[in-house]
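First up is the structure itself, then whatever we jot down about it.
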Amino acid sequence: MPDAAPLPVLTTQKAWVGGRFLDNRDGRTFQTLNPATNRPLCEVEVSGAAEVEAAVEAAEAGFAVWSAMGGTARGRILKRAADLLRARNRELAVLETLDSGKPISEAETVDVHSGADCLEYYGGLAATLGGEHVDLGAEWNHSFFYTRREPLGVCAGIGAWNYPLQIACWKAAPALACGNAMIFKPAELTPLTALKLAEVFKEAGLPDGVFNVVQGFAETGQLLTQHDRIAKVSLTGEVGTGKKVMAAAAASLKEVTLELGGKSPLIVFADADLDNAVSAALLANFFTQGEICSNGTRVFVEAPIKEAFLERLVARTKAMRIGDPLDPDTQVGALISAEHRDKVRDYIRAGVAAGAKLMTGETLPDDPALAEGNYVAPAVFDACTDEMSIVQEEIFGPVLSLLSFSEEDDVVARANATPFGLAAGVFTRDLQRAHRVIARLQAGTCWINTYNLTPIEMPFGGYRQSGLGRENGQAAIEHYSQLKSVFVEMGDVESPY
Ligand code: NAD
């Protein structure tokens with residue numbers, strides 16, 4: 001049953017600029033809805049040009065203070081913020097569940113912790129960031145050069161709605177560790193928890209202006225991507241949005257990191273541990289109601305085990321508990337919006353119309369409590385073919401397409417036959433085959449004998465149209481800093497003039 005503790009009462013939410021809430025000038029607001037009921041949670045003020053300008057000014061002032069601090073001092077604040085996030089885990093998880101529709105069982109164990117882990121990891125790295133020193137030897141008069149790793153300045157983060165707090169942390173933590181300031185715009189469908197992160201940062205001692213939040217739709221995002229005093233933009237969103245963001249960023253040659261969509265393959269060879277492979281297929285498709293960019297939605301199973309795999313997969317999918325996201329027993333919550341639910345249902349209908357066999361997922365449990373929310377029962381399709389829309393396009397919902405194969409070369413070619421390249425997984429007990437196949441897959445984030453695990457230490461990102469740059473790990477440091485080379489002459493200047 002849902003926790004009996006009272007739910008938060010939310011007043012109108014605003015931008016957070018320079019360490020405090022900022023009223024917007026024109027009074028425009030939008031509503032954020034609870035996906036489980038489609039009732040409004042609160043009003044949110046839209047940030048327009050004036051608010052974005054104020055955020056840039058505040059971020060420039062914050063940057064001056066923050067970038068002058070040493071890495072140890074910066075890291076201490078990020079680690080304190082990690083501790084505060086963990087201490088407020090329950091409160092933040094409830095808010096995330098109300099705003100996103102994901103099960104509280106996930107929000108409490110994954111979302112807040114992943115954000116806190118990220119702050120802790122980059123808090124630890126902050127003191128270690130530096131350049132190198134290279135002696136050039138006698139032929140250069142014993143001159144040398146050194147490099148300095150310097151921040152970029154004011155960075156913009158633009159988030160998607162599936163992991164709102166986690167995305168805010170995954171962008172802010174490496175940016176701030178490198179000494180940058182950030183202006184973050186959460187997705188308009190999930191505007192709430194980024195503001196909590198701002199409060200947490202303030203409590204942790206972050207100087208005002210180093211982390212700011214603006215609110216709104218694509219237009220607010222465009223004010224950021226077009227701003228010539230913003231040095232970098234990191235977007236998590238759809239491929240089409242990524243292209244627009246990159247084009248806008250080109251006008252002022254901003255750095256870009258793009259974390260975009262996918263249609264990733266999960267390949268199961270006949271020698272795989274069947275139960276583990278089925279567990280991974282479930283994780284790869286139905287966690288967060290299927291609203292995960294890296295999901296392995298094309299499940300290729302080698303012919304000899306396909307029927308056994310399907311039987312276990314369908315049985316375990318049917319047993320999943322769909323319901324109120326705040327109920328700790330719920331495993332499948334509500335999709336983000338009624339519009340998105342309808343899009344996912346349309347894909348399911350298109351799959352049936354194209355001749356794929358819907359093994360489960362047609363109907364919701366007969367529970368009146370589900371009637372008002374954006375629920376879709378997890379769907380498993382058999383008898384899929386590679387050209388069907390359910391196999392080709394990102395659905396971003398709980399829809400799994402099962403495909404069968406007989407030859408390694410064939411499955412690698414089919415797995416790679418997509419413009420996306422975010423993730424991929426391989427299940428086999430054959431060590432050499434596992435590494436051989438992974439090396440041939442065109443994807444930036446891969447798993448062998450598991451799926452969708454994203455420790456903060458591991459770089460995350462896509463090949464091809466799934467993105468540019470990397471989040472997490474040491475790799476993200478490259479994307480939030482710039483390298484200055486300094487040559488130091490130890491002799492005379494030799495000049496032919
Ligand atoms: P979206 O592209 O519609 O929106 C993402 C963000 O961009 C929102 O904050 C939105 O307001 C903003 N935006 C939209 N148009 C813009 C523009 N022209 N200029 C600037 N900002 C703009 O994506 P979504 O529906 O919020 O999220 C779902 C998508 O995100 C899926 O495709 C999913 O695969 C992808 N995603 C990728 C990752 C990853 O790490 N690769 C993670 C989560 C989600």
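Both ligands and their constituent atoms are indexed starting at 1 by order of listing. Side-chain atoms are counted along with the backbone in the values below, which use heavy atoms only and exclude waters and symmetry mates.
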At what distance is the nearest protein heavy atom to [atom], and which residue and atom is it?
{"atom": "atom 32 (O) of ligand 1", "result": "E394 OE1, 2.7 Å"}
{"atom": "atom 27 (O) of ligand 1", "result": "A160 CB, 3.4 Å"}
{"atom": "atom 19 (N) of ligand 1", "result": "Q222 CG, 3.6 Å"}
{"atom": "atom 41 (N) of ligand 1", "result": "L260 O, 2.8 Å"}
{"atom": "atom 9 (O) of ligand 1", "result": "G159 O, 2.7 Å"}
{"atom": "atom 13 (N) of ligand 1", "result": "T241 CG2, 3.7 Å"}

Side chain or backbone of I292 under 4.0 Å from ligand 1, or both, or neither, by non-hydrogen atoms? neither
Closest non-hydrogen atom pair between Q215 and P186, with its separation: OE1-CG, 3.4 Å
Salt bridge check, R229 against E53: does any charged N sit closer than 4.0 Å to a carboxylate O? yes
Is E199 salt-bridged to K202, cutoff N-O under 4.0 Å? no
Within the structure, does [X] bring an N/O atom to less than 3.5 angstrom of an N/O atom in ligand 1?
{"X": "N162", "answer": "no"}
{"X": "S466", "answer": "no"}
{"X": "K244", "answer": "no"}

Can you list the ligand 1 atoms lying under 4.0 Å from a non-hydrogen atom of [X]?
{"X": "L235", "value": "6 (C), 7 (O)"}
{"X": "I158", "value": "6 (C), 7 (O), 9 (O), 12 (C), 20 (C), 21 (N)"}
{"X": "W161", "value": "24 (P), 25 (O), 26 (O), 27 (O)"}
{"X": "E259", "value": "37 (C), 38 (C), 39 (C), 40 (O), 41 (N)"}

Does NZ or CZ of K102 fall inside the cone over Y163's six-membered ring, less than 6.0 Å from its centre and within 45° of the axis? yes
Distance alone, cut at 3.5 Å: any donor-acceptor contact between the side chains of S294 and N452? yes
Have D99 and N34 got a donor and an acceptor in their side chains that come within less than 3.5 Å? no
In terms of relative ring orientation, are W170 and F460 parallel, tilted or perpendicular, with 30° and 60° separating the classes? perpendicular
Between atom OH of Y480 and atom SG of C155, what is the distance when rounded to the nearest 0.5 Å? 6.5 Å
